[in-house]
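Comments concern the structure below.
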Amino acid sequence: MEMNKKDIIRLLEQIAVLLELKGENSFKIAAYSRAAQNIERDSRALSEIDDFTKIKGIGKGTSSVIMQYIHDGKSEALEELKKQVPAGLIPLLQVPGLGGKKLSRLYQELNVTDAESLREALVSKEVEALPGFGKKSAEKLLASLQEMGKRPERLPIAVVLPIVEKLNQHLETIPEIRAFSIAGSVRRMRETVKDIDFIIATEQPDIVGNKLLDIENVKEVIAKGQTKVSVILAEQYDINVDFRMVKENEFATTLHHFTGSSEHNVHMRQLAKSHDEKISEYGVENVASQEILQFTDEEQFYAHFNLRYIPPELREDSGEIEAFAERKIAEGLLHLSHIKGDLHMHTTWSDGAQSLEEMAEAARRKGYEYIAITDHSKFLRVANGLDETRLRKQKEEINRLNERYADLHIFSGVEMDILPDGSLDFSDKFLREMDFVIAAIHSSFSQSQEQIMTRLKNAMNNPYVSLIAHPTGRLIGKRDGYAIDMEELIATAAETNTALEINANPNRLDLSAAWAKKAQEKGVVLSIDTDAHNYSMLEDMKYGVATARKGWISKNTVMNTWTAEKIKSFCNHKRMIEK
DNA sequence: GCCGTTTTCGGCCCGACTGTTTTCAGTCG
């Protein structure tokens, strides 16, 4: 069996979960998950790693487990654990209130092996008779067992962002709030999130706490105290929202703490510890003097540790703490204010809601220097795709607008379909008339990887195609996208001078942060575009930028931070060399 | 299980909360 890194990572993670269920020493468990993490983070392919013990966090033990797995195609350590721990216990780790230790005891003493046998043991009151458990915990467990499976464990960020927006507006109206901020994985711009966290600075937690309960769609109040209000909102799905209330001088450290990731926090705390300091959500304590330092904002907090401000998107403990000790990386990182235009949007000519002129006016109001109008091509009938005649007509209108605007340049573009047979929707002869050609797949998603790659490579090898839109076709939490060999796509993009898109629509975020990072490493140019079908979708740019930042993308990599002139020469360059 | 100018043992991030306990273990973020 051909083994890859993902297999190794899965092996180590499986071992960690099974050890947890055995109630093993938590540091041993952590050692396996850390090993998995560090392998994932290592940019080398499996075949390029000759000595695993050279990777941090991997010693003799883990290394020999890995080597045996690679050599034999199976792992004795894993098989042994699987014999000791029933597979049905694994999903039960997700039940709130159940960790490895308790589950392990339920298995050993009551022979609980899956959700059904747990339910039986709860109903028959065997669980509450067990020392360390009790009536109350049994009731809670039964309740959360019923809730399980009613909704996906993590929600796509696109589902959550509008709710966060609504909460932001509600918090704005409470005068007793001195400052507030979203925290948690939403602030870090993870693709999926479990709950919503807000940090609130206030001197009047009682009043604020009451006003928080006025939020629309509160279905249940889980907790309401001096420091924390926790509610469940009944939105499209039920979602848990935690509000943490602290004093103003604790706000920065609390925000940092609850923004996470927990791996980032652990690393920061290790750093502090090496200076004889202790980080908690309330401040940084000097262990010797017991003096507690507080900060007016996160910038100061990081500065205390001689670090540049690390943006939330990067806080995943993937090397950011070392990197932001340097000025260079912090300053090269992309920022929303660097974006000069949007190179992918639709109008009423195809399936957009606003006219060409309306979209142009909206872009001017945003202060953009340029946009590309990229309506669908003729193949996409359902979207009223444009043929050659209509595109030429549209170009006339664009020319008229370009004459009128001194402050905005409009590229006459098209989002051209890559057809199922691998051909393109327009001839080279016609494409030459267009300023900016995007190619994209909108059909036959279920083709083999070979067919999909042939289509994409045909498009990238075309001298007039400057950009591949939403390269994987995924919809987060809804659709995986087509079968694609990303390494090959990135290599071809680099070879052919074709840019790849980070589609900013929060349902897509395609390329993902991780792939965008790989693409940048290989020298591929990126474009961050909203694919807007109406005014308000132009505002999605911030999510695209956040995704790029999560992938450590620097300003220079992104073509829509360039001048219009530079974009023109990028497109022309490809046309020249490939003629 | 990993790690080490306090190196072969004894740590490993910190604090709150909960329920079960007479002083704490387990879970969570």
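Values in this document were obtained by computation on a predicted structure and should not be read as measured data. Naming convention: chains lettered A, B, ... in sequence-line order (proteins, then strands); numbering from 1 in each chain.
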Base, sugar-phosphate, or nothing for [X], non-hydrogen atoms under 4.0 angstrom?
X	answer
A:Ser280	sugar-phosphate
A:Ile29	nothing
A:Lys278	sugar-phosphate

For residues 76-89 of chain A, run the donor-acceptor check on the side chains, cut-off 3.5 Å, and write out each pair with its distance to 0.1 Å, sequence neighbours left out.
{"from": "A:Glu80", "atom 1": "OE2", "to": "A:Gln84", "atom 2": "NE2", "distance (Å)": "3.4"}
{"from": "A:Gln84", "atom 1": "OE1", "to": "A:Lys22", "atom 2": "NZ", "distance (Å)": "2.9"}

Can you give me every donor-acceptor pair (side chain of residues 170-178 of chain A, partner residue at least two apart or in another chain, under 3.5 Å) with its distance?
{"from": "A:His170", "atom 1": "NE2", "to": "A:Lys211", "atom 2": "O", "distance (Å)": "3.1"}
{"from": "A:Thr173", "atom 1": "OG1", "to": "A:His170", "atom 2": "O", "distance (Å)": "2.5"}
{"from": "A:Glu176", "atom 1": "OE1", "to": "A:Lys211", "atom 2": "NZ", "distance (Å)": "3.1"}
{"from": "A:Glu176", "atom 1": "OE2", "to": "A:Lys211", "atom 2": "NZ", "distance (Å)": "3.4"}
{"from": "A:Arg178", "atom 1": "NH1", "to": "A:Glu248", "atom 2": "OE1", "distance (Å)": "2.7"}

Item to check | Under 3.5 Å: donor-acceptor pair, side chain of A:Lys125, backbone of A:Leu122 | outcome: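 Absent.
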Checklist entry - Has the side chain of A:Thr547 got a donor or acceptor atom that lies under 3.5 Å from a matching backbone atom of A:Tyr543? => result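 Answer holds: yes.
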Checklist entry - Measuring from A:Lys278:NZ to A:Leu293:CG, what's the distance to the nearest 0.5 Å? => result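 Reported value, rounded in 0.5 Å steps: 13.5 Å.
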Item to check | Value rounded to 0.5 Å, distance of CD1 in A:Ile528 from CG in A:Asp540 | outcome: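 Atom-to-atom, A:Ile528:CD1 and A:Asp540:CG are 12.5 Å apart.
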Checklist outcome for this item: Each nucleotide of nucleotides 17-29 of chain B classed B (base within 4.0 Å of a protein heavy atom), S (only sugar-phosphate) or -, in 5' to 3' order, makes SSSSS----SSSB
Item to check | Secondary structure string for DNA chain B (Watson-Crick or G-U under 3.5 angstrom, | for other-strand pairs) | outcome: ((((....)))).((((((....))))))
Checklist entry - What are the residues of residues 304-313 of chain A, sorted by number, that bring a heavy atom to within less than 4.0 Å of DNA chain B? => result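 Residues of residues 304-313 of chain A under 4.0 Å from DNA chain B: none.
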Checklist entry - What residues, two or more places apart in sequence or in another chain, satisfy side-chain hydrogen bond (donor to acceptor under 3.5 Å, both in side chains) together with A:Asn38? => result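 Scan of A:Asn38 (side-chain hydrogen bond (donor to acceptor under 3.5 Å, both in side chains), adjacent residues dropped) gives none.
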Next on the checklist: Going by side-chain hydrogen bond (donor to acceptor under 3.5 Å, both in side chains), name the residues that satisfy it together with A:Glu235, two or more places apart in sequence or in a different chain.
Outcome noted: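 So A:Glu235 forms a side-chain hydrogen bond (donor to acceptor under 3.5 Å, both in side chains) with A:Lys166, A:Asn217.
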Next on the checklist: Assess the residue pair A:Asp317 and A:His264 against the criterion (side chain to side chain donor-acceptor pair (under 3.5 Å)); give the C-alpha distance rounded to whole Å, side-chain angles, the decisive distance to 0.1 Å, and a yes or no.
Outcome noted: CA-CA 5 Å; A:Asp317 191 30; A:His264 174 87; over 6 Å; no
Produce the list of close N/O pairs, under 3.5 Å, pairing protein atoms with atoms of nucleotides 10-12 of chain B; give distances to one decimal.
{"from": "B:dC12", "atom 1": "OP1", "to": "A:Lys273", "atom 2": "NZ", "distance (Å)": "2.6"}

Taking N or O atoms only and anything under 3.5 Å, show me the protein contacts with nucleotides 3-6 of chain B, one pair per line.
{"from": "B:dC3", "atom 1": "OP1", "to": "A:Gly57", "atom 2": "N", "distance (Å)": "2.8"}

Checklist entry - Is the charged tip of A:Lys228 near the ring of A:Phe243: under 6.0 Å from the six-membered ring centre and within 45° of its axis? => result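 No, a cation-pi geometry is absent between A:Lys228 and A:Phe243.
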Next on the checklist: Here's a test of your reading of the structure: between A:Glu277 and A:Lys28, which maps to the more 5' nucleotide of DNA chain B?
Outcome noted: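 The 5'-side residue here is A:Lys28.
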Next on the checklist: Using the ring-ring contact (aromatic ring centres under 6.0 Å, His included) criterion, which residues pair with A:His257? Sequence neighbours excluded.
Outcome noted: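 For A:His257, no residue satisfies ring-ring contact (aromatic ring centres under 6.0 Å, His included) once neighbours in sequence are set aside.
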Checklist entry - Does the side chain to side chain donor-acceptor pair (under 3.5 Å) test come out yes or no for A:Gln300 and A:Thr296, once each step is laid out? => result CA-CA 7 Å; A:Gln300 277 198 18; A:Thr296 54; 2.9 Å; yes
Item to check | Partner set under salt bridge (Lys or Arg N to Asp or Glu O under 4.0 Å) for A:Lys60, not counting sequence neighbours | outcome: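 Scan of A:Lys60 (salt bridge (Lys or Arg N to Asp or Glu O under 4.0 Å), adjacent residues dropped) gives none.
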Checklist entry - For A:Glu24 and B:dC2, what is the distance between atoms CD and C1' respectively, to the nearest whole Å? => result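 The answer, rounded to whole Å, is 14 Å.
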Next on the checklist: Tell me the interatomic distance from A:Leu271, atom CG, to B:dC14, atom P, rounded to whole angstroms.
Outcome noted: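 Taking atom P of B:dC14 as the reference, CG of A:Leu271 is at 13 Å.
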Next on the checklist: For a 4.5 angstrom cut-off between non-hydrogen side-chain atoms, does A:Thr259 reach A:Arg188?
Outcome noted: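 Yes, side chains in contact.
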Contacts under 3.5 angstrom, residues 282-291 of chain A side chains, donor-acceptor by atom type, not counting sequence neighbours:
{"from": "A:Asn286", "atom 1": "OD1", "to": "A:Ala288", "atom 2": "N", "distance (Å)": "3.0"}
{"from": "A:Asn286", "atom 1": "OD1", "to": "A:Ser289", "atom 2": "N", "distance (Å)": "3.1"}
{"from": "A:Ser289", "atom 1": "OG", "to": "A:Glu291", "atom 2": "N", "distance (Å)": "3.3"}

